[in-house]
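Values below: all heavy atoms of this structure, side chains included; hydrogens, waters and symmetry mates excluded. Below, chains carry the letters A, B, ... as their sequence lines are ordered, and counting in each starts from 1.
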Protein chains: 2
Amino acid sequence: MTKYIKQTRILVAVDCIIFGFDGFNLKLLLIKRGFEPEKNKWSLMGGFVQSDEKPEDAASRVLKQLTGLKNVYMEQLLVFGEPERDPIERTVSITYFALIDIKKYEKQLSDDYRAEWFQLDRIPQLIFDHDKMVQHAKNRLRYKAALHPILFELLPEKFTIPQIMTLYEQVYDVQLDKRNFTRKLRSTGLLIKQLDKDKENSKKGAFYYKLDKTTYKEKFTKFLNFVSNPEY
Amino acid sequence: MTKYIKQTRILVAVDCIIFGFDGFNLKLLLIKRGFEPEKNKWSLMGGFVQSDEKPEDAASRVLKQLTGLKNVYMEQLLVFGEPERDPIERTVSITYFALIDIKKYEKQLSDDYRAEWFQLDRIPQLIFDHDKMVQHAKNRLRYKAALHPILFELLPEKFTIPQIMTLYEQVYDVQLDKRNFTRKLRSTGLLIKQLDKDKENSKKGAFYYKLDKTTYKEKFTKFLNFVSNPEY
DNA sequence: CAATTAAATGTTATTTTGACACGACTAATC
DNA sequence: GATTAGTCGTGTCAAAATAACATTTAATTG
C-alpha cells in the first residue's frame with residue numbers, strides 16, 4: 001500500500017498540567033525550561049511523542065520523569081495546534097492534567113528540571129500558549145470534579161474533612177458551609193472514619209478519613225448527577 | 001535557531017462526529033470511505049491538518065466539504081493516537097463533534113462522499129478506531145448537554161417542545177415526563193413562544209418556540225449547575 | 001484551670017424534584 | 001355536521017435536596 005503522500009508530518013508533543021494539594025492550597029507544578037527557545041522561562045513539563053508510543057504513554061513518561069510517580073490519575077484535555085505556537089517548528093501539543101498527592105511527589109523529588117509548585121493565583125507567565133493550557137485545565141478540573149470524586153486523587157491516603165473542604169473551596173473559588181458540606185460528603189458513602197486525628201492544624205484535631213475504594217469505583221460515575229441518572 | 005532534531009513527525013488528522021436530529025431521532029452522519037485502505041467501508045468524515053492550518057480550521061473545512069455548512073457548533077474531543085491505528089502510516093487523529101440542523105444539511109447536500117445519516121442505535125461497523133470515537137462523542141454530548149443548552153444547536157430556528165423533549169430522550173436514552181420537562185425548560189427563560197403551530201405531527205398541532213439568543217448567551221454557562229454556582 | 005482555637009454537630013425554611021391524569025384542540029372520517 | 005382519534009398542554013402534592021444558621025466539644029497553651 002502507498003503512503004499518504006503530500007501530507008505534512010508534524011511534531012506531536014504532550015504537556016502536563018500537574019495539580020497538587022498541600023492541605024492548604026491547590027498548586028501547579030512548573031519547570032524552568034532547560035533549552036532554547038524560551039530557555040529559563042517557566043513552562044509546563046512536556047515532551048515529544050515517540051514514534052512507537054501512544055500519546056497517553058508519552059504523558060505518563062513525561063510525568064514520571066519529573067515526579068518519579070507512576071499510576072497517576074491523568075486525563076487528556078485539549079490539543080493546542082496553532083501553526084505558530086512554537087516558533088522553532090510546528091508542533092501540536094496534547095495536554096493532560098495529572099492529579100497527584102503532593103507529599104508523594106516530595107518523596108520522589110528530582111531537581112533536574114528545577115521544578116516548583118505555584119499557587120494557582122500566583123502562576124508566573126508561561127511560555128508559548130501554556131497559560132491557555134493551564135486555564136483550560138482549571139476549567140476542566142471544575143467540570144470533572146463537579147460530577148466525579150476525582151479530587152480525592154489529590155489527597156493523601158488519610159485526610160481530614162476540613163482538608164477536603166479547603167480543596168473544594170480552592171478548586172471552585174468559593175466559600176462552603178462546613179455543616180452542609182460534611183453532610184453531603186458523608187451521604188456519598190465514600191468515607192471511612194479512622195480512629196486517629198490530625199493534630200497538626202488544630203488543638204482539638206480533626207479525625208482522619210480514608211476513601212472507601214470499593215464504593216469509590218462503584219460511585220465514580222454517580223458521584224453527583226444531573227439529568228437525573230444519566231448513564232455516562 | 002535549530003530545529004528539534006531526531007524527533008518523529010507524525011501525520012495529524014481530524015475526524016468529525018457529526019450529530020443531527022430530524023425531529024424524531026438523533027443521527028450520525030457517516031461517509032463511505034473513497035480510498036484505500038478500507039475503501040467503501042463506513043467511516044467518519046476526516047482529513048489531514050495542513051501545514052499552515054489550525055486543527056480547528058481543518059475540522060471546519062472538513063465539515064464544510066461534506067455538509068456545505070459553516071459556523072457550525074463544534075467542539076474538540078479526544079485525540080486518538082495509538083501507533084498502529086492507521087495501518088498505512090502513523091496518524092494521530094483529533095476528533096471533533098459537530099451539532100447541525102439536519103434540515104440545513106439537506107439543503108446543502110452534496111453526494112460526493114456518499115454520506116448517510118444513521119440512527120445512533122444502528123451504526124454500522126466503522127473503520128479503524130472510529131467506533132471508539134463515536135462512543136466517546138456520545139458520552140461527551142451527554143456531559144455537555146447536561147450542563148449547557150447545546151442541544152438547541154441541533155434544532156431548527158423554530159421548534160416545538162415535544163421535539164426538544166424527544167431530543168433529550170434520545171441523547172440520554174431515557175423516558176421523560178412531559179409536565180416536568182416542560183416546567184424545567186420554561187424555567188430557563190430560553191424560549192420565546194411563537195403564535196403559529198407545527199401541524200405536521202399532530203392534529204392539534206404544537207406551538208413553535210424560538211430560542212432567546214440574548215439569554216442563550218447569558219445562560220450558556222449556567223443552564224443547569226452543580227457545585228452551586230461555580231464559575232466555569 | 002482559664003483561655004484559645006478549630007472541629008463537630010442539628011434544625012428549619014425554602015427550593016427543587018418526581019409522580020401522577022385529564023381536558024382541549026384539530027383534522028379526518030363517516 | 002357529528003363523531004372519532006391522536007397529540008398537546010397543563011396543575012397538584014409529597015418527597016427530597018439544599019441553604020441558612022450557632023453552639024458545644026476537644027485539646028493545647030500559658
- Note on the structure: Residue set satisfying side chain to side chain donor-acceptor pair (under 3.5 Å) with Glu153(A), at least two apart, ordered chain then number -> Tyr216(A)

Polar atom pairs between nucleotides 21-24 of chain D and protein, under 3.5 Å, N or O only, would you list them?
residue : atom : partner   : partner atom : Å
dC21(D) : N3   : Arg179(A) : NH1          : 3.4
dC21(D) : N4   : Asp177(A) : OD1          : 3.3
dC21(D) : N4   : Arg179(A) : NE           : 3.1

Anything under 30° is parallel, anything over 60° is perpendicular, the rest tilted; go ahead and classify [X] against [Y].
X: His148(A); Y: Phe220(A); answer: parallel
X: Phe152(A); Y: Phe159(A); answer: tilted
X: Phe128(B); Y: His130(B); answer: perpendicular

- Item | Lys197(B) atom NZ, neighbour heavy-atom count above 12 within 6.0 Å | yes

Starting from [atom2] on [N], measure out to [atom1] on [X] and report it in whole angstrom.
X: Phe207(B); N: dT26(C); atom1: CZ; atom2: P; answer: 8 Å
X: Leu185(A); N: dA7(C); atom1: CG; atom2: C1'; answer: 15 Å
X: Lys184(A); N: dA20(D); atom1: NZ; atom2: P; answer: 13 Å
X: Asp198(B); N: dC25(C); atom1: CG; atom2: C1'; answer: 14 Å
X: Phe159(A); N: dA7(C); atom1: CZ; atom2: P; answer: 15 Å
X: Glu200(B); N: dT26(C); atom1: CD; atom2: P; answer: 17 Å
X: Arg186(B); N: dT17(C); atom1: CZ; atom2: P; answer: 16 Å
X: Met165(B); N: dC8(D); atom1: CE; atom2: P; answer: 9 Å

- Message: Go nucleotide by nucleotide along DNA chain C from the 5' end; which of Ser202(A) and Gly205(B) gets its closest nucleotide reached first?
- Response: Ser202(A)

- Could you tell me whether the side chains of Asp131(B) and Gln125(B) share a donor-acceptor contact shorter than 3.5 Å? no

- Taking salt bridge (charged side-chain N to carboxylate O under 4.0 Å, His left out) as the test, write out the residues that go with Asp177(B), two or more places apart. Arg179(B)

- Who pairs with Tyr73(A) by ring-ring contact (aromatic ring centres under 6.0 Å, His included), at least two apart in sequence or on another chain? none

- For Phe80(B), the ring-ring contact (aromatic ring centres under 6.0 Å, His included) test, sequence neighbours excluded, returns none

Under 3.5 Å, N/O pairs linking protein and nucleotides 3-5 of chain D:
residue : atom : partner   : partner atom : Å
dA5(D)  : N3   : Lys203(B) : NZ           : 3.4

